[in-house]
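Here the structure is a predicted model, which is why all the values come from computation and not from measurement.
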Amino acid sequence: SLSGSSASANVTVTPPEVQALELSPLDASAFVGDSVQYSSRATLTDGSTRDETARATWGSSFEGVARINSSGTAQALASGSTHISASSGGVSASTPLSVLPTPTLSLAPASSNLAVGATQAFTLTSSTAEADGLVITLSTTGTGSLTLPASVNLVAGQTSASCSVTASGPGSVVLPA
């Protein structure tokens, strides 16, 4: 105030707005039936960042290949490619998702007769070679028993691996992989 006169101004302060979105993971791949959890991180106009996953609107360019829910979880439905997108505050981002056919496994030989204490080599083959490799868990069902490795590792880029099992108890045993 100056000699009884004064001036004022109204100031409206608005919250920071979304300036950019970053999605994770980028360029993902999944097998049919798998799910991929996406997240979205926003850069705001004040320079800060925040998790935008729950606020974002999610979408898939080809819902026959993959669908994504409001929490950012994509479900791989069929082989093919789609783009997963998120939008918030008028800003959008997207990333490709490749959906691969589920690999099939085979075990050879398909049947074997072993005496207790005898060992048999088996070859486990996958229909696809995984870039990161594949760990296959072995188990048994039936009345007999086998001593076997807990898992067989297919090294990155390989489609087959060998393992040995030893008959440890009489009866019929199924060795699923």
* Asked: Can you name the nearest heavy-atom pair linking T125 to S160, along with the distance?
  -> OG1-CB, 3.7 Å
* Would a distance-only check, ignoring hydrogens and angles, find a side-chain to backbone donor-acceptor pair under 3.5 Å from Q120 to S112? -> no
* Asked: Using a distance-only test with no angle check, is there a side-chain donor-acceptor pair under 3.5 angstrom linking T119 and S164?
  -> no
* Any chance you could lay out the side-chain contact (heavy atoms from CB on, under 4.5 Å) test for S151 and L138, step after step, and finish with the verdict? => CA-CA 5 Å; S151 62; L138 299 177; over 6 Å; no
* Any donor and acceptor pair, going by atom type alone, linking the side chain of S94 with main-chain N or O of S85 inside 3.5 Å? -> no
* Structure fact -> Between the OG1 atom in T14 and the CG atom in D46, the distance rounded to the nearest 0.5 Å is 10.0 Å
* Asked: Would you call P109 and F122 a side-chain contact if the rule is heavy atoms closer than 4.5 Å?
  -> yes
* Test item: D51 and R41 side chains (from C-beta on) under 4.5 Å apart, heavy atoms -> yes
* **Distance (rounded to the nearest 0.5 Å) between Y38 OH and I84 CD1** => 5.0 Å
* Side chain proximity check, V99 to S81, heavy atoms < 4.5 angstrom -> no
* Between T73 and Q37, does any side-chain donor sit less than 3.5 Å from a side-chain acceptor? -> yes
* **Residue Q19 excluded, over 12 heavy atoms near CD under 6.0 Å** => yes
* Does T104 reach the side chain of T102, with side-chain heavy atoms less than 4.5 Å apart? -> no
* Structure fact -> In short, L97 meets A74 closest at the heavy-atom pair CD2-CB, 4.4 Å
* Minimal non-hydrogen separation, L23 against A86, with atom names -> CD2-CB, 3.6 Å
* Asked: Is Q75 close to I68 at the side-chain level, that is, under 4.5 Å between some pair of heavy atoms?
  -> no
* Side chain of S60, backbone of A66: donor and acceptor closer than 3.5 Å? -> yes
* Expected output: side-chain W58 to main-chain T53 donor-acceptor under 3.5 Å -> yes
* Gap between atom OG of S35 and atom CZ of R67 - 0.5 Å precision -> 14.5 Å
* Expected output: side-chain S126 to main-chain L105 donor-acceptor under 3.5 Å -> no
* To do: Check whether any side-chain N or O of T143 sits under 3.5 Å from a backbone N or O of S172 as a donor-acceptor pair, and report yes or no.
  => yes
* Side-chain donor or acceptor of S145 paired with backbone N/O of G169 under 3.5 Å -> yes
* Say whether, by atom type as modelled, one donor and one acceptor occur between the side chain of N69 and the main chain of S71 under 3.5 angstrom. => yes
* **Nearest heavy-atom neighbours spanning T166 and G117** => CG2-O, 3.7 Å
* Donor-acceptor under 3.5 Å (S87 side chain, S92 main chain) -> no
* **N153 side, atom CG; I136 side, atom CD1 - distance, nearest 0.5 Å** => 8.5 Å
* Cluster link L154 to L100, ILVMFWY, side chain under 4.5 Å -> no
* For the residue pair P25 and V36, establish whether any side-chain heavy-atom pair is separated by less than 4.5 Å. => yes
* Asked: For the atom pair CG (L44) and CD (E52), what is the distance rounded to the nearest 0.5 Å?
  -> 7.0 Å
* Counting distance only, does the side-chain N/O of T95 pair as donor-acceptor with the main-chain N or O of D27 below 3.5 Å? -> yes
* Side-chain contact test, heavy atoms from C-beta onward, threshold under 4.5 Å: evaluate it for S88 versus T57 and give yes or no. => no
* To do: Look up atom CG in D34 and atom CG in L77, then write down how far apart they are to the nearest 0.5 Å.
  => 11.5 Å
